[in-house]
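Heads up: the structure comes next, in structure tokens.
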Amino acid sequence: MIMKTILITGATAGIGEACALQFGAQGHRLIVTGRRQDRLNQLVVRLKNEGIQVASLCFDVTKKSEVDAAIASLTKTWQDVDVLINNAGLAVGLELLQDGVVDDWERMIDTNIKGLLYVTRAIAPNMVERKDGHIINVSSIAGKDVYKYGNVYCATKHAVDALSKAMRIDMLEDGIKVSNIAPGMVETEFSLVRFKGDADRAEVVYQQFVPLKAEDIADAIVYVTNTPKHVCVNDMVITPTAQANPFYTV
Ligand code: NAP
């Protein structure tokens with residue numbers, strides 16, 4: 001297997017962290033990122049103890065100046081990112097649109113859409129110049145359907161879905177692969193963030209049926225990343241067996 005340099009946004013928890021552990025186990029070089037420096041430090045120690053080459057960048061994807069400064073700070077040996085995993089994202093709140101909290105909307109739009117764009121804008125030119133690279137965007141089944149109370153989160157994930165298509169077109173001539181990953185319900189810190197730290201409310205979400213684990217999505221992302229150069233998985237929808245789509249579960 002060819003060793004790749006893989007940058008993962010949102011590697012301090014959930015799907016991003018599971019990706020870091022799985023890619024690390026395959027011997028890839030990792031750039032792990034997130035806002036929580038303590039979590040990043042713990043992850044770096046864990047990966048280094050397993051002999052994995054790792055760099056970390058602590059930044060907020062919603063702040064373009066932080067994104068640009070962090071990417072610019074990469075030393076020469078880390079600058080050629082082969083795979084960018086745009087995973088950092090969140091849902092905040094669950095209200096009808098007419099009752100919506102504007103600050104929550106802005107956090108979702110700034111993180112899920114603008115943050116993904118800022119990071120991609122900082123990394124993609126190097127891929128295009130080298131005519132080699134793979135961008136993997138973590139969208140959601142909320143980017144395929146719209147469910148009650150999901151309004152703005154669903155809109156941001158529809159935007160990710162559209163941006164995956166747009167990136168694939170815009171970088172087609174440069175040989176850049178773009179993959180869109182659309183998970184259904186995954187048990188991570190996602191619901192804790194959505195319900196602003198209310199652990200009881202978050203826990204109930206995962207008691208309704210057997211959800212996916214972060215590792216299940218990492219498995220899929222690893223598969224997509226390891227396809228031969230002439231193969232691009234464009235779009236992958238993965239739900240728990242008990243979830244047909246946002247509306248039908250058992
Ligand atoms: P999670 O456990 O809450 O992890 C989210 C990650 O995103 C954390 O590492 C967090 O790190 C990072 N992040 C959030 N805001 C950030 C910001 N402003 N700047 C930098 N990093 C930021 O949730 P998850 O389930 O793994 O979510 C990963 C992705 O999967 C998201 O895009 C989410 O929308 C998507 N997804 C999740 C589900 C699900 O059911 N869990 C379903 C479909 C899609 P810091 O807090 O350290 O910054």
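Note that the coordinates shown come from a computational prediction; the quantities given were computed from them, not determined experimentally. Each ligand, and each atom within it, is numbered from 1 in the order the structure gives.
Remark: ligand 1 and Arg35 share an N or O pair separated by less than 3.5 Å (distance only, no angle test). Taking any N or O of Tyr153, backbone or side chain, at least one lies under 3.5 Å from an N or O belonging to ligand 1. Remark: ligand 1 and Val61 share an N or O pair separated by less than 3.5 Å (distance only, no angle test). Considering backbone and side-chain N/O atoms, Gly10 comes within less than 3.5 Å of an N/O atom of ligand 1.
Between the side chains of Ser164 and Asn137, at least one donor-acceptor pair of N or O atoms lies under 3.5 Å. Judged purely by distance below 3.5 Å, without hydrogens or angles, the side chains of Gln26 and Asn226 pair a donor atom with an acceptor atom. A donor-acceptor pair shorter than 3.5 Å cannot be found between the side chains of Lys213 and Thr188. Side-chain contact annotation: Thr5 with His28, donor-acceptor N/O pair under 3.5 Å absent.
By heavy-atom distance, the residue among Val193, Asn86, Thr188 lying nearest atom 24 (P) of ligand 1 is Thr188. For atom 35 (C) of ligand 1, the choice among Thr239, Ile217, Val138 with the nearest heavy atom turns out to be Val138. By heavy-atom distance, the residue among Cys19, Gly89, Gly184 lying nearest atom 42 (C) of ligand 1 is Gly184.
Looking at heavy atoms from C-beta onward, Pro240 lies out of side-chain contact with Val210 at the 4.5 angstrom threshold. Under the 4.5 Å side-chain criterion, counting only non-hydrogen atoms from C-beta, Leu43 is in contact with Leu21.
The proximity of Lys157 to ligand 1, defined as any non-hydrogen pair under 4.0 Å, is limited to the side chain. Counting heavy atoms under 4.0 Å from ligand 1, residue Ile15 touches it through both backbone and side chain. Proximity of Ser139 to ligand 1, defined as any heavy-atom pair under 4.0 Å, is confined to the backbone N, CA, C and O atoms.
The shortest contact between atom 41 (N) of ligand 1 and any protein heavy atom is with Val186 O, 3.0 Å. Scanning the protein for heavy atoms near atom 31 (C) of ligand 1, the closest one is Asn87 O, 3.2 Å. For atom 9 (O) of ligand 1, the closest non-hydrogen atom of the protein is Thr12 OG1, 2.7 Å. Counting protein heavy atoms only, atom 43 (C) of ligand 1 is closest to Pro183 O, 3.3 Å.
Proximity of Ala18 to ligand 1 is not established, as no heavy-atom distance is less than 4.0 Å. The closest approach between Met185 and ligand 1 falls below 4.0 Å for a heavy atom of the residue. Within the 4.0 Å heavy-atom shell around ligand 1 one does not find Lys63. Heavy-atom separations between Thr9 and ligand 1 are all 4.0 Å or longer.
Between Cys154 and Asp145 the shortest heavy-atom distance is SG-O, 3.9 Å.
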